[in-house]
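Values in this document were obtained by computation on a predicted structure and should not be read as measured data. The figures that follow rest on heavy atoms only: side chains count, while hydrogens, waters and symmetry mates do not.
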Amino acid sequence: MSDVFNLLLLLGLVAIVAAWLKLSTARERAVLEARRQCEQHGLQLLDETVGLRALRLRRVDGLLRVERCYGFEVSIDGHDREPCRLWMLGNSLSGLSLPVIELQPHEAPANRTDNVVPLRPRKIDRLN
């Protein structure tokens with residue numbers, strides 16, 4: 001009886017290690033995808049990392065698959081932190097949530113001589 005218990009315990013430990021390794025490689029893929037999306041959208045990935053926020057089942061082509069949600073933070077202008085989410089289905093990106101850039105209204109289009117679009121005021125500036 002002791003041999004069966006030891007075998008089950010060993011199989012359980014192997015399953016835990018295998019799941020941990022699979023989630024670690026999936027997290028590394030999510031970090032690479034977050035970096036790629038930040039570069040593509042002109043954002044700065046803060047802390048150079050993502051964190052697993054949720055797991056859910058999703059039906060794709062009639063099959064149930066596990067979709068992972070990762071949270072990370074970006075900066076729009078270098079002085080703020082905005083939360084973002086990234087959904088991965090297997091090795092591919094299935095969803096992305098990035099912050100919205102609020103533009104300030106223009107005073108008059110005819111008075112503008114440059115092509116710089118002003119960004120929203122920082123939270124620190126609004127408090128003062």
Side-chain angles (χ1 to χ4, degrees):
M1 187 69 178
S2 176
D3 291 337
V4 174
F5 177 74
N6 288 338
L7 181 64
L8 289 176
L9 183 63
L10 182 63
L11 287 175
L13 289 174
V14 167
I16 290 171
V17 169
W20 179 76
L21 288 174
K22 186 173 181 175
L23 284 174
S24 293
T25 57
R27 185 185 161 280
E28 290 172 9
R29 283 189 217 109
V31 169
L32 292 174
E33 186 63 36
R35 271 193 210 124
R36 190 176 73 77
Q37 291 297 325
C38 286
E39 288 175 7
Q40 182 178 354
H41 294 283
L43 300 170
Q44 178 184 3
L45 178 63
L46 299 176
D47 304 328
E48 292 294 320
T49 188
V50 299
L52 184 65
R53 298 287 182 241
L55 293 172
R56 65 183 178 191
L57 291 176
R58 182 172 174 193
R59 189 171 301 276
V60 178
D61 298 328
L63 300 173
L64 280 178
R65 299 188 57 196
V66 175
E67 186 176 41
R68 297 173 313 276
C69 179
Y70 294 95
F72 59 100
E73 291 184 333
V74 299
S75 177
I76 296 171
D77 60 1
H79 298 286
D80 60 344
R81 293 181 85 88
E82 301 289 337
C84 300
R85 294 201 181 252
L86 175 77
W87 288 270
M88 299 287 290
L89 192 59
N91 293 334
S92 62
L93 177 69
S94 62
L96 180 65
S97 172
L98 294 175
V100 177
I101 299 174
E102 299 173 14
L103 301 177
Q104 296 176 349
H106 301 292
E107 53 276 351
N111 296 342
R112 295 191 55 96
T113 58
D114 59 356
N115 62 353
V116 176
V117 178
L119 297 176
R120 64 177 167 76
R122 296 184 304 188
K123 293 177 185 174
I124 296 170
D125 294 340
R126 285 185 254 165
L127 295 176
N128 294 334

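Considering CG of L89 and SG of C69, their distance stands at 12.5 Å, rounded to 0.5 Å. Rounding to the nearest 0.5 Å gives a distance of 11.0 Å between CG of D3 and CG of L8. Atom-to-atom distance recorded for E33:CD and F72:CZ is 9.0 Å, nearest 0.5 angstrom. In this structure, L93 CG and L32 CG are separated by 12.5 Å, a value rounded to the nearest 0.5 Å. Summarising the geometry, atom CH2 belonging to W20 is positioned 10.0 Å from atom OG1 belonging to T25; distances are rounded to the nearest 0.5 Å.
For R58 against S94, the heavy-atom pair with the smallest separation is NH1-CB, 3.6 Å. The two residues L96 and L86 come nearest to each other via the heavy atoms CD1-CD1, 3.8 Å. Contact record, V31 with E48: CG1-O, 4.2 Å, taken as the closest heavy-atom pair. G78 and Q44 make their closest contact through CA-OE1, 4.2 Å (heavy atoms, listed as atom of the first residue, atom of the second, distance). Closest approach of L98 to C84, counting heavy atoms only: CD2-SG, 3.8 Å. Considering every non-hydrogen atom in both A30 and M88, the closest pair reads CB-CG, 4.3 Å.
Side-chain atoms of S75 never come within 3.5 Å of backbone atoms of R81 as a donor-acceptor pair (strictly under, hydrogens ignored). Listed for the D47 side chain is no donor-acceptor partner under 3.5 Å among the backbone atoms of T49.
Transitive grouping of hydrophobic side chains (ILVMFWY, heavy atoms separated by less than 4.5 Å) brings V66 and L64 into a common cluster. Cluster membership for L55 and Y70, using ILVMFWY side-chain heavy atoms within less than 4.5 angstrom, is shared. Cluster membership for L45 and L52, using ILVMFWY side-chain heavy atoms within less than 4.5 angstrom, is shared.
When side chains are defined from C-beta on, R68 counts as touching L23, because their heavy atoms get closer than 4.5 Å.
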Full working for side-chain contact (heavy atoms from CB on, under 4.5 Å) between I76 and L43: CA-CA 5 Å; I76 296 171; L43 300 170; 3.9 Å; yes
